[in-house]
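Fair warning: this is a prediction, and the values are worked out from it, not measured in the lab. Below, read A as the first sequence line, B as the second, and so on, with proteins coming before strands; counting in each chain starts at 1. Computed from heavy atoms alone, side chains included, the values below leave out hydrogens, waters and symmetry copies.
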Amino acid sequence: MKIPYLRPLVGMWRREATQYVRERSRLVASIVSPFMWIAIVGIGIERGLKPDLGSGLNYLDFIVPGIVAQALMFTTIFYGVYIVWDRKMDVLKAVLVTPVPRSIVFLGKVVGGATQAVVEGTLLLIISTFFVDILWLNVVPAVAVILLTAVLYTSFGLALGSFYESFEGFRITSTFIAFPMFFLSGALFPVVDLPTWLTWFTHVNPLTYSVDALRSLLVGGQQAFSYLTSFGVLAGYTALATLVGGWSFNRMEA
Amino acid sequence: MPAVRVDDARKVYGDPPEGVVAVDGVSFSVDEGEVFGLLGPNGAGKTSLIRILSTLTEATSGRAEVAGVDVGEDPRGVRERIGLVFQEPSLDNLLTGRENLELSAALYDVSRRQTRERIDELLDLMDLAGRGDDPVKQYSGGMKRRLEIARGLLHDPEVLFLDEPTLGLDPQTRERLWAYIRSLREEGTTVLMTTHYMDEADALCDRVAVIDQGQIQALDDPEALKRELGGTVVHLRALGTSEDELAQAPGVEDVQAEGEGTFVVQLAGEVAQLPAFLRTLDEVDHLEVTTPTLQDVFLSLTGRHLRQGEAEGDGWTEDYQRMKRAE
Ligand SMILES: Nc1ncnc2c1ncn2[C@@H]1O[C@H](COP(=O)(O)OP(=O)(O)OP(=O)(O)O)[C@@H](O)[C@H]1O
Ligand SMILES: [Mg+2]
């Protein structure tokens, strides 16, 4: 049996993958920033402030999974810039004039972005072993969290990007959205005893659930939410983001 | 069943009061296997019409069918049957030429085996055989254009839209593309192309629609268009005369003042009228008698040259030289 639109999907994925392989700076850039967060902020705070986090974790243990999750979020939200790019370079027109449905065009881009995120995530896990002891036994569910997070934020970034015609506009908006999500996700500090409105934000912030699940999977320690809750919330958000993404690609004019 | 049918199509960009009317009530149909030309100056609405027919934009009103499929009702059905070569470059510069074609083949679900053959064949046709594995960003403007045309032909569409296909091609490739378009017609492919080159429309098209300001000014085969215009066209320079004076002369149908004492005079009938007309002139610096070209047809229909500041020549040569200089 022939799976409909598999060939277009693979074709689009290959295009994204080829670009990724050719532009090696993309990979380097996506590794350097989290490395600095861990090596400079992580070590600096661990040595300088020696925070007591309870649950037997030192600050490096605490920050490494958080930084892995936020790095994935940033890369994948910013992946939305490639739909802005495709439109600007008029490559999008050439795709939209083919019989491939918009939903498949969207899916092709999501799979492309998620692939890059998984490559980045794997490298970050390897780099993490220089700083903390990773619980390799949990690597499969950890990769599942990475994948869900990647698909969620790639979809979100692409949906956002489909509304922009300039790189600048997209970059400003996505940065404006990504930073609060990062700071209020529990990646850098435990999000407890915050004012009500911030607590409210941390609870609707999907990254909170990625960070929480990834932390207990990778280095152990106390969870704020059960795995069931985290996976459930992430899956729900991912479903929502892909629906919104599909819709936003549908209304896009080349 | 016509290959393309357009019925009172209108396209307005933006909202009514200050919106731009790009296509203003256009109707025509193109037969299967016909090469049909849309000839018109910049901003005439040619690309807008192609965007409607290729489902890239919706008409503000009116209907259009391509290969028997309504563009509004079943856009995907239309997209399955058409190929389109855009006016502006739309290639992925990070990929090689071959990879661009492979992507397109995948999007159109051309079988893998066929893809290889077709790509080699088309790279050869477009004189890119040796450069297929180079990144597109290393291509010259003309090479990109050729690759783009190859991409439009790759999946053997029923109806092929070519928006200014020969812009920036060198003379040999242009000739080769013309020959290829003629061979497509032999195979029964319908081609709808836009151009602002008279010689191209003349050489290739079975029928030509002259379009200006979103409206079709005339539609016929190139010979009939020229015949309709009348027998003789006189280009002359005479400082001592005026447009009105010339219009009074015997046998004159139409006069266009070109400035600096230059006029294009259209005489009714064949050369028989010429001696009587010439006797009315006192002093002439320059005189040229021709049979009408599509250029003259256009001029008489719109009172303007196809391209600003171009009185003679086919325009394509100048464009080509300009491109070469820019490279
Ligand atoms: N996306 C758009 N938004 C607003 N106006 C547009 C848009 N596209 C085209 N127009 C306007 O519509 C008119 C027709 O443009 P169109 O591109 O169809 O002309 P054309 O015949 O293809 O010209 P050219 O020979 O320069 O390619 C022009 O006045 C143009 O400014
Ligand atoms: Mg145009």
Please say whether the positively charged group of B:Arg51, taken as NZ for Lys or CZ for Arg, lies over the ring of B:Tyr13, i.e. under 6.0 angstrom from the six-membered ring centre and within 45 degrees of the axis. no
Going by an N to O cut-off under 4.0 Å, is there a salt bridge joining B:Asp120 and B:Arg98? yes
Cut-off 4.5 Å, heavy atoms of chain A, and the answer for B:Leu103 is side chain
So, does B:Thr60 use its side chain to make a donor-acceptor pair with the main chain of B:Val12 at under 3.5 Å? yes
Top of A:Arg14, A:Glu253, A:Lys93 for chain B proximity - count of heavy-atom pairs under 4.5 angstrom: A:Lys93
What part of B:Arg112 gets closer than 4.5 Å to chain A, counting heavy atoms only: side chain, backbone, both or neither? both
Given heavy-atom pairs under 4.5 angstrom as the criterion, report whether the side chain, backbone, both or neither of B:Thr55 touches chain A. neither
Using heavy-atom distances under 4.5 Å, tell me whether B:Glu99 contacts chain A through its side chain, its backbone, both, or neither. side chain
Relative to chain A, which of B:Leu107, B:Leu84, B:Asn93, B:Asp109 shows the most heavy atom pairs under 4.5 Å? B:Leu107
Are the side chain of B:Thr194 and the backbone of B:Glu164 linked by a donor-acceptor contact shorter than 3.5 Å? yes
Quick check on the structure: residues of residues 98-108 of chain A within a heavy-atom distance below 4.5 Å of chain B, by number. A:Thr98, A:Pro99, A:Val100, A:Pro101
Just so I understand: if I count every heavy-atom pair under 4.5 Å between each of A:Leu96, A:Leu92, A:Leu6, A:Val10 and chain B, which residue has the most? A:Leu96
Are the charged groups of B:Glu80 and B:Arg76 less than 4.0 angstrom apart, N to O? no
Between B:Ser90 and B:Glu148, does any side-chain donor sit less than 3.5 Å from a side-chain acceptor? yes
Among A:Asn205, A:Leu148, A:Leu207, A:Leu152, which one satisfies side chain to side chain contact (heavy atoms under 4.5 Å, CB included) with A:Tyr237? A:Leu152
In terms of heavy-atom pairs under 4.5 Å, which option from B:Ala105, B:Gly77, B:Pro75 contacts chain A the most? B:Ala105
Proximal component of B:Pro89, with respect to chain A [non-hydrogen, under 4.5 Å]: backbone
Picking from A:Met12, A:Arg22, A:Gln19, which has the most non-hydrogen pairs under 4.5 angstrom with chain B? A:Arg22
Measure B:Ser111 against the heavy atoms of chain A and call it side chain, backbone, both or neither at under 4.5 Å. backbone
Between A:Phe35 and A:Phe131, what is the shortest heavy-atom contact and its length? CE1-CZ, 3.9 Å
CD on B:Glu117 to CG on B:Leu122, rounded to 0.5 Å: 11.5 Å
Supply the atom-to-atom distance A:Phe78 CZ to A:Leu160 CG, rounded to the nearest 0.5 angstrom. 10.0 Å
Determine whether more than 12 heavy atoms belonging to other residues, nucleotides or ligands lie under 6.0 Å from atom CZ of B:Arg176. yes
Heavy-atom distance under 4.5 Å to chain A: side chain of B:Leu94, backbone, both or neither? both
Are A:Arg251 and A:Phe163 in a cation-pi contact, defined as NZ or CZ under 6.0 Å from the six-membered ring centre and within 45° of the axis? yes
